[in-house]
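For reference, the structure discussed in these notes is given below.
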Amino acid sequence: MSKFQAPKGVSEYFPPLSSRFEFVRNHLAASAQTAGYQLIELPVFEDTELFKRGVGESTDVVSKEMYTFEDRGGRSITLRPEGTAGVMRSVIEHNLDKGQLPVKLWYSGQFFRAERPQAGRYRQFYQVGIEAIGANDPQIDAEVISVAWRGFKAIGLKNFRLDITSLGDGASRAAHRVDLLRFFDTLDLDEATRARAALNPLRLFDDKRPEIQTAMSKAPRLLDYLSEESAAHFAKVQSLLTSFGIPFVVNPLMVRGLDYYTGTTFEFVHEGLGAQSGIGGGGRYDGLMAQLGGSDLSGIGFGIGVDRVVLAAEAEGLFVDDESARTGVDLFLIALGEDSKDEVAVLVNSLRDAGISSDMAYGDRALKGAMKAADKSGARYSLVVGENELSSGEATLKDMSSGEEQAIRIGDLSSTVSSLLSSEKKRN
RNA sequence: GUGGUCGUAGCUCAGCUGGUAGAGCACUCGGUUGUGGUCCGAGAUGUCGCGGGUUCGAGCCCCGUCGAUCACCCCA
């Protein structure tokens, strides 16, 4: 086929269903703004080294899923596979952390991972995320989680749950790791599994094979190795979530795939999605900023997959009525006869100047066809303007949902329509 | 990267054991000389994903390829 196709594994949203994407993204962004997070708009590509150092070379994301290429100046560039590293880079580069702390930022945009596409897994996906940098109070952990929660609730999602755990601090993890590796020695693992364990021993906790799961049920758990401080912090986060009325389950088997996570980590899981059930996740990354050459500030954030949330909302049937919810213009004008088209175009243009959304029938359509176009567009009112109207200065304004008509003066069109619209708003 | 399923009109799909394409919806026009949503009538649209092979003949069989989809892996 000679026709162009979208690249493999990308999702696209076009009318009328693009309104679903818009709906989800806007609610998530609004939730972040409500909690005092400010927009940061970043490039979609960065120095490859940033992700290697930030995300970690041993992770699957960095070792085999990055879109990396050389630019014309011979620099190694990578399409961002996640958001946190870029935010940290920008904060450090522009000294955003030199003022009041914490720095609270939100972002949205496309991310890229060269994986085999699957339900809810795309090579280009869209995330809304937030980062709170420079505060390690448990209150901010709870806040970050609550922002995601509030966003999901605003969208109307119900069938999801929140898993949380704590990875503790460096000492906690080191102690655990020793015992965990010792435990692995008692198991009879195949080579591939052993290799995975070597990369990240925690990985085996979420292995899907039943025999591994049984074996791992006896493995030492990181939660039991938390230092006193980490344990107290985690306990506080839990009690705050409870006070916020946010239900959660402590899942000690939860594993996150990026190396920078420390302390509190969490994941939102939706039931209606198939294998890729995570709709959002995040956690603390206390060493990351120093690791990238900045000051040693703690941080916590999340990334929410907008594509997956759209899928989840669809699975819950939240969009049954969106065909009719399509937003139409306030007024749709129909020119009758070639001669009145110019006049109508001028009318439409001045209506728009007055802030009234309006459109007109284009092309050579009979009145019936033009009326149909007005109907399809979802317009609130329509108005036919032909020779008669132009000479008399009067026209008939039609309410498209009730079918009622009323005579109006063309000269007063924008004021008449805007008062109709505002009285309508009052009634609702 | 590995494996299963699938690929026919704009959309959803039918097409018997191979005999060279159909329905519904949508679209356009008309019934109603200047008024949409219902109804009736008419019309247009396909290199049957692409390339090759088998055959007198392929939408159907075989191979390859691209894409979709689902799972592994991994994650949003």
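Quick caveat: nothing in here was measured; it's all calculated off a predicted structure.
Residue A:R256 places at least one side-chain N or O closer than 4.0 Å to OP1 or OP2 of B:rA76. Not one side-chain nitrogen or oxygen of A:R121 sits closer than 4.0 Å to the OP1 or OP2 atom of B:rU69. Distances shown here put a side-chain N or O of A:Q118 below 4.0 Å from the OP1 or OP2 atom of B:rA71. When the side-chain nitrogen and oxygen atoms of A:K368 are compared with OP1 and OP2 of B:rG36, none of them lie within a distance under 4.0 Å.
Counting only N and O atoms by type, the side chains of A:T264 and A:S166 include no donor and acceptor under 3.5 Å apart. Checking A:S63 against A:D60 by side-chain atom types alone, no donor-acceptor pair falls below 3.5 Å. Remark: the A:Y260 side chain and the A:E82 side chain contain an N/O donor-acceptor pair separated by less than 3.5 Å.
Comparing the C1' positions of B:rA44 and B:rC39 gives a spacing of 22 Å, expressed to the nearest Å. B:rU55 and B:rA68 have their C1' atoms separated by 31 Å, given to the nearest Å. Spacing of C1' atoms, B:rU38 relative to B:rG57, comes out at 48 Å, to the nearest Å. Taking atom C1' in both B:rG15 and B:rG36, the straight-line distance is 37 Å, to the nearest Å. Taking atom P in both B:rC60 and B:rC16, the straight-line distance is 11 Å, to the nearest Å. With C1' as the reference atom, B:rC63 and B:rU54 are 11 Å apart, rounded to whole Å. The C1' atoms of B:rG46 and B:rG41 are separated by 25 Å, rounded to the nearest whole Å. To the nearest whole angstrom, the two C1' atoms, one in B:rG18 and one in B:rC48, are 14 Å apart.
Within the nucleic acid shown, A:G363 has no heavy atom closer than 4.0 Å to any nucleic acid atom. Using a 4.0 Å heavy-atom distance criterion, A:G129 is classed as making no nucleic acid contact. Among the atoms of the strands shown, none is found under 4.0 Å from any heavy atom of A:T59.
Looking at RNA chain B, the stems built from 3 or more consecutive Watson-Crick or G-U wobble pairs, each pair with its key distances under 3.5 Å, are B:1-7 with B:66-72, B:10-13 with B:22-25, B:27-31 with B:39-43, B:49-53 with B:61-65.
Close placement of the A:F268 and A:F152 rings is indicated, their centers lying within 6.0 Å of each other. Less than 6.0 angstrom separates the ring centroid of A:F160 from the ring centroid of A:W149.
Ion pairing between a basic and an acidic side chain is recognised when a charged N comes within 4.0 Å of a carboxylate O; A:K158 and A:E316 show no such pairing. Ion pairing between a basic and an acidic side chain is recognised when a charged N comes within 4.0 Å of a carboxylate O; A:E314 and A:R20 show such pairing.
For A:E389 against B:rG34, a side-chain-to-base donor-acceptor contact under 3.5 Å is present. Taking 3.5 Å as the limit, the base of B:rC73 and the side chain of A:R203 contain no donor-acceptor pair of atoms between them. At a cut-off of 3.5 angstrom, counting only N and O atoms as typed in the model, there is a donor on one side and an acceptor on the other between the side-chain of A:K398 and the base of B:rG36. Scanning atom types as modelled, one donor and one acceptor separated by under 3.5 angstrom connect the side chain of A:E115 and the base of B:rA76. Below the 3.5 angstrom threshold, one finds a donor paired with an acceptor across the side chain of A:R308 and the base of B:rC75. Counting distance only, with no hydrogens placed and no angle test, the side-chain atoms of A:R113 and the base atoms of B:rC74 include no donor-acceptor pair under 3.5 Å.
Of the listed nucleotides (B:rG36, B:rA71, B:rU35), B:rU35 has the atom at the smallest distance from the side chain of A:L367.
A:R380 places a side-chain heavy atom less than 4.5 Å from the side chain of A:L421.
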